[in-house]
Amino acid sequence: MRLGMGLVGPGFIAAHHLDAVRRLGDVEVVGIAGSSFESAKKRARELNAGQAYASYRELLADPAVHVVHNTTPNHLHREVSLASLRAGKHVISDKPLAATMQEARELYEAARDANLAHVVTFNYRGYPLVQQARAMIAKGEIGKSVFVHGCYLQDWLTDERAYTWRLDPKLGGASSALGDIGSHWCDLAEHVTGARIVAVLADLHTVVPVREAPDASAKAFAGAAATAGKPRRITSEDLASVLLRFGNGARGCVTVGQVLPGHKNDLRLEVNGREGSVAWRQEQPNELWIGHHAKANTTLTRDPALLDPSARSYAHLPAGHPEAWADAFRNVISDAYAWVRQGAAPEAKPVALPTFADGYRNSLLVDAMLKSHAAGGVWQSIDDPFEPTRTTRKRG
Ligand code: SOE
């Protein structure tokens, strides 16, 4: 059966959702909804994305749409995802799952009980060498993990004339850099190690406390505005350093920032075990560094023939033909549609596919970091009352 997709919120990331879906070959792009009928029509033309709907409710009423991609700004995630689930649609939401921890929990509970696929685009899981690192750790190849560290650094907010809705707590949520990109790192660290972060100690900072940009709707990576606009006071963080403790005893730390010249999309994750280490960098995604103490270190280049069977299906080209961001994104979307085709049964969920449970879990982490900082930089444990990474659900 050909599945139909509808997209709500045709901004920066929408084109990549459409690209990923088209590459699957068996999904029809039915149409898109935006902030107005006019904007939907314009974007539908630009993206060749089927029909334009006057509102997202109209899109949800269309029986040809089976899966909704929610790529709205954060403050609309809850409303659109909840309405989609209630309309019986499978949902693929951009991260963060919602603007607040309470909203994320509400969405997780609604998804858990809905018998529908619910996916959050923690897309960095889709890289073959990320899956390779996960498989190696799960198989004990680096021994007991003792240290998990890295960073997620960008520079697109360096200029004080750069602005984005992500910096407005009403639209982006209380956290900016941590919610936008720290969230990706934490998800990846937990996914790769198979261990939970159980406590955090965070130091947050706003390097650029006043911004002068005319266009509040500017997209990520849009760069500085040509002219200065009215000054806007910024309260959310653009820089963060966080110490971490994992449930398996490992220690960790991560630095996150979006005002760091030269760093474009610099996500790095390293895990040191008692027997060896693995390290991966998003900007060199076809290489996995494998470190040893008493023999030579190696670099594993992405080669389907050399990958663990669990990672192999995430690599599509032979060695020497680099794969990157769009390919990893497509892998996550491909897993999402595979789950939909299996009736979204919890036991059929591809292991690497991030769900609303992971989105909720992630919001608990970001919330704990905000609390840790607000309390003056104290250890804050993660309040995780009901094991949300299990995708159990009530059967109706
Ligand atoms: C902007 O910081 C952004 O687009 C993030 O929102 C994405 O999650 C990340 O993948 C790339 O950078």
Side-chain angles (χ1 to χ4, degrees), residues 9-20 69-77 92-99 104 119-127 130 150-159 162-169 171-189 191 206-208 211 213 215-224 234 236-240 254-269 280-285 323-333 336 354 358-359 362-363 365-366:
F12 157 76
I13 202 72
H16 304 287
H17 281 254
L18 291 166
D19 176 52
H69 291 237
N70 181 1
T71 59
T72 57
N74 300 351
H75 73 291
L76 295 173
H77 282 186
I92 301 176
S93 168
D94 266 342
K95 58 95 276 257
L97 179 57
V119 174
V120 181
T121 53
F122 285 123
N123 47 297
Y124 295 100
R125 292 188 186 192
Y127 279 99
V130 163
C151 61
Y152 196 161
L153 312 179
Q154 297 181 335
D155 72 357
W156 63 277
L157 283 171
T158 302
D159 197 297
Y163 188 75
T164 159
W165 54 262
R166 293 167 204 274
L167 291 162
D168 179 348
L171 306 182
S175 160
S176 184
L178 285 173
D180 185 26
I181 58 174
S183 52
H184 275 300
W185 189 93
C186 292
D187 178 75
L188 205 64
H191 181 65
T206 308
V207 174
V208 184
R211 291 183 179 268
D215 184 2
S217 66
K219 295 179 184 134
F221 300 103
I234 307 297
S236 55
E237 81 290 350
D238 50 27
L239 185 68
V254 59
T255 48
V256 175
Q258 296 184 302
V259 291
L260 306 171
H263 294 275
K264 304 305 170 189
N265 200 33
D266 194 2
L267 186 167
R268 305 182 196 199
L269 176 66
W280 180 80
R281 294 177 65 176
Q282 197 283 142
E283 292 187 358
Q284 274 87 37
E323 291 179 24
W325 194 95
D327 304 285
F329 196 85
R330 190 266 300 277
N331 285 333
V332 172
I333 299 295
D358 300 300
N362 200 269
S363 73
L365 294 176
V366 172

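All figures in this text were calculated on a predicted structure; none of them were measured in a lab. Counting starts at 1 for both ligands and their atoms, in listed order.
- Leu153 pairs by the side chain to side chain contact (heavy atoms under 4.5 Å, CB included) definition with Cys151, Thr255, Leu260, His263, Asp266, not counting sequence neighbours.
- Residues that satisfy the ring-ring contact (aromatic ring centres under 6.0 Å, His included) test with His77, not counting sequence neighbours, are absent from this structure.
- Around ligand 1 you find Phe12, Lys95, Tyr124, Tyr152, Gln154, Trp156, Arg166, Asp180, Ile181, His184, Ala220, Phe221, Gln258, Asn265, each with a heavy-atom distance below 4.0 Å.
- Residues Trp185 and Leu269 are in side-chain contact: their nearest non-hydrogen atoms beyond the backbone lie under 4.5 Å apart.
- Note: His17 and Phe329 have perpendicular aromatic rings, judged against thresholds of 30 and 60 degrees for the angle between ring planes.
- When the options Asn362, Asp187, Asp180 are evaluated for a side chain to side chain donor-acceptor pair (under 3.5 Å) with Lys95, the one that passes is Asp180.
- With sequence neighbours left out, Trp280 forms a ring-ring contact (aromatic ring centres under 6.0 Å, His included) with Tyr127.
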